[in-house]
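Structure, as structure tokens:
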Amino acid sequence: MPSLLYKSLTDYNSPLFRTQLLNVSAASPPSPPPPNRNLSCRITSQSMSCSSETPLPTLRTVTIPYYELKDKDADLSLKIEEGFGPNGLGILSITDVPEFPSLRRNLLCLSSRLAALPEDVKKELEDPQSRYNFGWSHGKEQLESGKPDLLKGSFYANPLIDVPTNDTCLIQRYPSYCGANIWPLAALPELEVAFKALGKLIFDVGLMVAYHCDQYVSRGMKMRKDEGLEQILLRSRCHKGRLLCYFPAQLSNHEENGDSMSSWCGWHTDHGSLTGLTCAMFKRNDVEISCPDSAAGLYIRTRSGEIVKATFGENEIAYQIGETTEILSQGYLCATPHGVRAPKGKEASGVDRSTFALFMQPDWDEKLKFSEDVYIHKELIPSNDSLTFGEYSEMLLDKYYHKKT
């Protein structure tokens, strides 16, 4: 598989940079432009790096106020195109969402407490049958180099449904979706309440984002109502929340990995439909601090091959497009590879990072229709071009986790 190499831009400081990168016209188009099939090629989990001395552009995400988002009569097609379209960054953020700041803080403050639980307690929260996609996970995921990812711990749960199904055949076939939640009811009972509250809010706002995505896509392709992203997400039982704790790294580790654009989270492209993200919380010795390194954070590989840092506000919910939405929208909405760069330098020593992601995904039996021009994971698509989301996901999990036995 070819490497995705960094390509420097002519002038990062040029006022034309953002305009050229996003290529969005001033007037709202009557319909979305046809997707660029050459730019639809995505390669997941490739190694990308850049010299720490090379200046990298920082781009603010496209923002939509909550009051506009909840208005179904509002025409948000231009912003949807700018954020999610073929020339966008694959991300946008929603501002002024009621209750979000407090719900975010309530959950992220529990991340370090969860990670500090005794090892025997965390062991009881593990679920090998689901390939650690429910409960506690540490060192089970493999990205980029093939080595276990030891830099972060994760807690997975479905914030909407504790028991998606009691069908033992389905649980055995799709354990990463059909399994039941595992909560630390005795050791950390607050976690379930905070996790479900934040997850439900991000899901509800995500449905509004999905509605406006459907309005945008429907201008460019024929689509039945039940084929739209909003309806797919509404009928799904597969949504999965992930509370992440990035462990403090020693100074030597930061220096060693200083040039890596993915030193805290390997490069990957989300394979679901829509991912809701919170801004990270940084702590040293359990005291919240500002990020100690301005170069740390979320990095995205753009459609044209550049690597940029994407930023959004602490009290905003960001949403990223996943590969499944790119497939089902025939490239009108596009996913992008992204990774997280750890802080480096003396000030970063001993700093941990917490964040939360909600992976909004189709149901396990939702059929995916692959067009001839889809290049995402082409090696996984059978000759009859037919896969359910559950089948597709299990194949991808085989690539990044150990295979089922």
Side-chain angles (χ1 to χ4, degrees), residues 106-166 168 170-199 238-250 253 264-266 268 278 280-281 283 285-286 340 342 350-359 393-394 396-405:
N106 290 345
L107 181 60
L108 297 192
C109 284
L110 296 175
S111 174
S112 56
R113 290 176 58 189
L114 174 66
L117 290 176
E119 291 302 318
D120 60 331
V121 174
K122 289 188 288 190
K123 189 72 175 177
E124 293 178 358
L125 298 175
E126 292 183 349
D127 184 17
Q129 176 64 24
S130 70
R131 292 194 277 197
Y132 302 92
N133 277 269
F134 282 98
W136 176 253
S137 173
H138 178 223
K140 310 303 180 183
E141 186 176 0
Q142 295 181 358
L143 290 173
E144 295 193 64
S145 65
K147 296 180 180 179
D149 183 358
L150 300 174
L151 294 178
K152 62 179 178 290
S154 300
F155 184 85
Y156 293 92
N158 185 329
L160 306 179
I161 310 173
D162 277 315
V163 183
T165 179
N166 291 312
T168 54
L170 282 173
I171 294 172
Q172 185 175 7
R173 187 175 184 184
Y174 303 126
S176 59
Y177 297 124
C178 297
N181 287 334
I182 306 171
W183 301 106
L185 298 178
L188 195 61
E190 310 97 304
L191 181 64
E192 179 180 1
V193 176
F195 194 105
K196 288 181 174 179
L198 181 59
C238 282
H239 309 300
K240 187 68 65 71
R242 183 182 189 182
L243 177 63
L244 298 105
C245 178
Y246 294 84
F247 301 117
Q250 300 300 316
N253 289 338
W264 229 343
C265 181
H268 66 286
T278 69
M281 176 184 289
K283 287 185 178 182
N285 299 324
D286 290 329
V340 179
V351 173
D352 63 64
R353 173 184 184 267
S354 302
T355 189
F356 178 78
L358 177 65
F359 302 104
S393 297
E394 289 299 312
L396 290 176
L397 289 171
D398 282 343
K399 295 181 66 172
Y400 307 123
Y401 296 79
H402 62 80
K403 292 178 180 280
K404 284 188 293 187
T405 57

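Heavy-atom basis, side chains included; hydrogens, waters and symmetry copies ignored. Given the structure is predicted, the values throughout are model-derived calculations rather than measurements.
Inspection of the S154 and R242 side chains reveals an N or O donor paired with an N or O acceptor under 3.5 Å.
By the 30° and 60° cut-offs, the orientation of the rings of F195 relative to F155 is perpendicular.
Atom OH of Y156 and atom CD1 of I182 lie 13.0 Å apart (nearest 0.5 Å). Distance check: N158 CG to L358 CG gives 8.5 Å after rounding to the nearest 0.5 Å. Here CZ of F247 is found 10.0 Å from NZ of K152. Values are rounded to the nearest 0.5 Å.
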Verdict with supporting geometry, S137 and R131, side chain to side chain contact (heavy atoms under 4.5 Å, CB included):
CA-CA 9 Å; S137 173; R131 292 194 277 197; over 6 Å; no
Determine, stepwise, if the pair M281 / C109 fulfils side chain to side chain contact (heavy atoms under 4.5 Å, CB included).
CA-CA 8 Å; M281 176 184 289; C109 284; 4.0 Å; yes
Between N181 and E192, is the side chain to side chain contact (heavy atoms under 4.5 Å, CB included) condition met? List the steps.
CA-CA 10 Å; N181 287 334; E192 179 180 1; over 6 Å; no
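By the side chain to side chain contact (heavy atoms under 4.5 Å, CB included) test, T278 is found to be paired with F100, R104, L108, L198, I202, T355, F356, residues two or more places apart in sequence or in another chain being considered. Residues that satisfy the side chain to side chain contact (heavy atoms under 4.5 Å, CB included) test with I171, not counting sequence neighbours, are T165, C178. Not counting sequence neighbours, F134 has no partner by the ring pair (Phe, Tyr, Trp, His ring centres under 6.0 Å) test. Among residues two or more places apart in sequence or in another chain, the salt bridge (Lys or Arg N to Asp or Glu O under 4.0 Å) test is passed with E126 by K123. By the side-chain hydrogen bond (donor to acceptor under 3.5 Å, both in side chains) test, E124 pairs with no residue at all, sequence neighbours left out. Listed by chain and residue number, nothing satisfies the side-chain hydrogen bond (donor to acceptor under 3.5 Å, both in side chains) test with N106 (two or more places apart in sequence, or in another chain).
Listed by first then second residue, pairs satisfying salt bridge (Lys or Arg N to Asp or Glu O under 4.0 Å) with a partner in residues 153-165 read D162-K196, not counting sequence neighbours.
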Using distance only, find each side-chain donor-acceptor pair of residues 112-121 under 3.5 Å and give its atom names and separation, not counting sequence neighbours.
| from | atom 1 | to | atom 2 | distance (Å) |
| --- | --- | --- | --- | --- |
| R113 | NH1 | E190 | OE2 | 3.4 |
| R113 | NH2 | E190 | OE2 | 3.1 |
| E119 | OE2 | K122 | NZ | 3.0 |

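Contact between L244 and A357 at its shortest, heavy atoms only, is CD1-N, 4.4 Å. Between P189 and L185 the shortest heavy-atom distance is CB-O, 3.3 Å.
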